[in-house]
Amino acid sequence: MTEATNFIEQIINDELSTGKVNAVQTRFPPEPNGYLHIGHAKSLCINFGMKDKYNGKCNLFLDDTNPSKEKEEFVEAIKKDIEWLGFEWDKITYASDYYDDIYAFAEKEIMLGNAFVCDMTPEEISKNRGTLTEAGKESPYRNRTVEENLKLFREMRDGKYADGSKCLRVKIDMASPNINMRDPVIYRILREHHYRAGDKWCIYPMYDFAHPICDYMQGVTHSICTLEFEDHRPLYDWVGITLGFNPKPRQIEFARLNVTNLVMSKRYLKKLVEDGSVDGWDDPRMPTLTGLRNRGVPAEALKDFCARIGVAKANSEVQISYLEACIREYLNIHAERAMAVLKPLKVTITNYEGSEELDFDINPNDENKPTRKITFSKNIYIDADDFSLCPPPKYHRLKIDGVVRLKNAYIIKCDEVIYNEDGTAKELLCSYYPDSKSGSDTSGIKAKGVIQWVNAEDAVDIKIRKYGYLLKDEEYSGQDFSERMNKESVTEFNGKVEPYFMTADENKAFQFLRTGYFKKLTIKSGEIASEIVSLKDNFNK
RNA sequence: AGGGGUGUCGCCAAGCGGUAAGGCACUGGAUUUUGAUUCCAGCAUUCGUAAGUUCGAAUCUUGCCACCCCUGCCA
């Protein structure tokens, strides 16, 4: 037993110490009807976290009991996303793999006298369910004999009845204050092709019946789900008890993740993909795991985020700045550095001839202090925003007659500005101080600012896209699918970067460019950074 | 209205009868060849609220208030 860090672990610890359970097994149970999003990451971390913490097991369980919504494409995407996060499931299981077992358990409920075939229409059932304050009415078919129920149920299975004309219900209590216990439907007739089971079945089990059975069949000890299933727990337990499950899995509920400004409704995300509002589930603006990955969010940062927000039962909404902090923290430690200018401004070092190779720290946080060579010459570019014609107070970067340090190189002084017709700076003529070289500066000159630069001759053109997130409207209610994309924040920049960027692992190099965390990561120095990025600026608007 | 939940700093969140952890955010200040990072300091006399029990309560009891979920043959 290990120290508990949240209420779920406390429960498990208690059960372990009292001997109620002696091993832990969980499952991550998505329905393959869409892509995983950041909310699933929390569930993933909790479920696989238990596996790691208690040296237990965790299956990837695809809860596919509704053939009209599920697709193979989604299970492949789900697997890929989980792998990306670095979790390893013990087994992949599907509710559809247990259809025979679930069917057998349904017959068992019938034989136990616990279930009956009901001929009422969905409308009638709904009408007879009662209300929150009034008890429901019992179905007139509730007292059919076991033999008749069995015969009817088998005929349902064999396709004798039309979709919706009959269903299998369980006999609990139509007067229960918990509406889920008012003789819930556990099997329905549905002639729909199942992406895995094909056309073998024309009846499908409902979640409330299938889930406890699948958990039990897999040996799940703790079935962790979200808060809205709390009301279903009595039914979950009822199924386990009537069917004699031993040991019976225990359902534990936690509060789902909400992040300020992020749309997390699968239904809405699906709509955006289908109507072309985004390029797909993997569009960087999407809060899906694949979208986040394309945005450049490291898997480790996402897991760190999930670990840090904790697990509890209080409905909450985490500020996106927390997620950003986790990403920044990870990237600051791991991201390889390079210099880039997003708005190139030509600079000529008038008193410099030839070229030389300078050492550049790839990652100052790396103990091994890896470096690489960059070329310095007479012609370079700096960022237009690192130069100011009318600098505000405390402006530390380049201005006329002012000095600034070119990162990893020399201190330069701006002697002259060549203007465009509109009065903006077109080119700067600067002089450098030969004895101010980084690492061996004996010039005694104090340059308060340090700016990035790229060598004109070998700089590479880049185009950077900065993405906002899909934003939530104040009025967002889930019904209105009007334009809600934060399109303004999809901005393109044309700039230049050191050739290093392009020759190295491009994907990794652009990781932090794509994230939009320049400011804290220092791809660019100076104010331009804040002007360019920090995703949070997009949210504060 | 019936049932099920939840209320601790702007946002998460520990705490489980012995006198309010931590993180994010924010505010000062120091270091810094990334105005980043790092660093140090500050940030709930109070735990939805009102009573009660107790030497002692965020923790126990009771009443009240607020918010979330539930009337699919979705999950």
Side-chain angles (χ1 to χ4, degrees), chain A residues 5-6 10 29-31 33 63-66 68-70 95 118 120-123 125-136 163-169 176-182 184-190 203-204 206-208 210-211 225-234 253 255 257 260 266-267 305 308-326 328-329 332-333 337 339 361 364-365 394-397 404-409 411 436 438-439 441 447-452 517-527 529-530 536:
Chain A
T5 61
N6 63 49
Q10 265 179 33
E31 180 187 11
N33 65 347
D63 203 353
D64 53 359
T65 53
N66 184 358
S68 50
K69 287 186 178 174
E70 296 144 6
C118 184
M120 292 200 288
T121 63
E123 295 71 38
I125 289 179
S126 173
K127 210 165 156 189
N128 283 289
R129 186 154 21 233
T131 67
L132 295 177
T133 49
E134 297 162 40
D163 288 8
S165 64
K166 279 182 169 46
C167 64
L168 185 68
R169 293 222 261 163
S176 172
N178 180 346
I179 292 173
N180 295 305
M181 300 297 269
R182 319 242 259 229
V185 173
I186 62 166
Y187 256 96
R188 57 172 167 165
I189 302 174
L190 184 66
I203 58 171
Y204 291 95
M206 306 299 291
Y207 165 86
D208 282 315
H211 211 85
C225 62
T226 44
L227 249 29
E228 64 268 28
F229 291 103
E230 275 182 313
D231 286 341
H232 294 244
R233 193 171 65 230
E253 311 84 8
L257 171 65
T260 53
K266 222 190 234 182
R267 188 169 81 102
F305 171 67
R308 291 218 251 168
I309 56 174
V311 182
K313 295 190 72 165
N315 287 115
S316 60
E317 187 171 46
V318 179
Q319 293 174 335
I320 194 140
S321 57
Y322 207 158
L323 205 214
E324 294 181 323
C326 294
R328 260 188 272 121
E329 191 174 299
N332 180 48
I333 295 169
R337 273 51 186 229
M339 294 196 286
D361 284 333
N365 292 311
K394 293 191 176 177
Y395 186 80
H396 294 159
R397 286 160 288 146
V404 78
R405 174 172 291 283
L406 296 174
K407 187 170 168 57
N408 266 280
I411 292 175
S436 67
S438 282
D441 185 353
K448 257 201 152 177
V450 180
I451 64 173
Q452 295 193 25
Y517 294 97
F518 303 74
K519 183 178 179 183
K520 306 282 176 127
L521 287 169
T522 317
I523 274 296
K524 272 291 292 97
S525 67
E527 216 167 66
S530 57
K536 77 178 176 194

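Numbered from 1 within each chain, the chains take letters A, B, ... in sequence-line order. Computation of the quantities below employed the complete heavy-atom set of this structure, encompassing side-chain atoms and omitting hydrogens, waters and symmetry-equivalent molecules.
With both pairing distances under 3.5 Å, B:U37 is matched to nothing as a Watson-Crick or G-U wobble pair. Look at B:U19: it lacks any Watson-Crick or wobble partner with both distances under 3.5 angstrom. The nucleotide B:U46 finds no pairing partner, because no Watson-Crick or G-U wobble arrangement with both distances shorter than 3.5 Å includes it. Nucleotide B:G10 forms a Watson-Crick or G-U wobble pair with B:C24, both donor-acceptor distances falling under 3.5 Å.
Within the 3.5 Å criterion, the main-chain N or O of A:D231 finds a donor-acceptor partner in the side chain of A:N178.
Scored by the side-chain hydrogen bond (donor to acceptor under 3.5 Å, both in side chains) test, A:S316 finds no partners at all (sequence neighbours excluded). Residues satisfying the side-chain hydrogen bond (donor to acceptor under 3.5 Å, both in side chains) test with A:D208, not counting sequence neighbours, are A:H232. Residues meeting the side chain to side chain contact (heavy atoms under 4.5 Å, CB included) test with A:I189, sequence neighbours left out: A:M156, A:Y161, A:D163, A:S165, A:K166, A:R191, A:I203. A:D441 is linked by a side chain to side chain contact (heavy atoms under 4.5 Å, CB included) to A:R405, A:I411, A:S436, A:S443, counting only residues two or more places apart in sequence or in another chain. Residues forming a side chain to side chain contact (heavy atoms under 4.5 Å, CB included) with A:E329 (at least two apart in sequence, or on another chain): A:D304, A:R308.
Nucleotides B:C16 and B:U59 have their P atoms positioned 12 Å apart, rounded to a whole Å. Atom name P, nucleotides B:U45 and B:G22: the rounded distance is 16 Å, in whole Å. Nucleotides B:A58 and B:U19 place their P atoms 11 Å apart, quoted to the nearest Å. Taking atom P in both B:C47 and B:U33, the straight-line distance is 48 Å, to the nearest Å. Using C1' as the reference atom, B:A21 and B:U62 are 31 Å apart when rounded to the nearest Å. When the P atom is compared between B:U6 and B:A75, the two are found 26 Å apart, to the nearest whole Å. Atom name P, nucleotides B:G10 and B:C26: the rounded distance is 15 Å, in whole Å. Comparing the same atom, P, in B:A20 and in B:U27 gives a spacing of 28 Å after rounding to whole Å.
Residue contacts shown for A:T131 include a base, since a base heavy atom lies under 4.0 Å away. Within 4.0 Å (heavy atoms only), A:S126 reaches sugar-phosphate atoms of the nucleic acid but no base atom.
If you check distances only, the side chain of A:R405 does reach the base of B:U33 with a donor-acceptor pair under 3.5 Å.
Checking B:G10, B:U37, B:G72 against the side-chain heavy atoms of A:Q319 singles out B:G10 as nearest.
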Restricting both atoms to N or O, compile the protein contacts to nucleotides 1-5 of chain B shorter than 3.5 Å, with distance only.
{"unit_1": "B:G2", "atom_1": "N9", "unit_2": "A:L132", "atom_2": "O", "d": "3.4"}
{"unit_1": "B:G2", "atom_1": "N2", "unit_2": "A:P177", "atom_2": "O", "d": "3.3"}
{"unit_1": "B:G2", "atom_1": "N3", "unit_2": "A:L132", "atom_2": "O", "d": "3.2"}
{"unit_1": "B:G3", "atom_1": "N2", "unit_2": "A:D231", "atom_2": "OD1", "d": "3.4"}
{"unit_1": "B:G3", "atom_1": "N2", "unit_2": "A:D231", "atom_2": "OD2", "d": "2.6"}
{"unit_1": "B:G4", "atom_1": "O2'", "unit_2": "A:D231", "atom_2": "OD1", "d": "3.3"}
{"unit_1": "B:G5", "atom_1": "O2'", "unit_2": "A:E230", "atom_2": "OE1", "d": "3.2"}

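Spacing between atom CD1 of A:I125 and atom P of B:C73 amounts to 6 Å, rounded to whole angstrom units.
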side-chain contact (heavy atoms from CB on, under 4.5 Å) assessment of A:K266 paired with A:K69: CA-CA 12 Å; A:K266 222 190 234 182; A:K69 287 186 178 174; over 6 Å; no
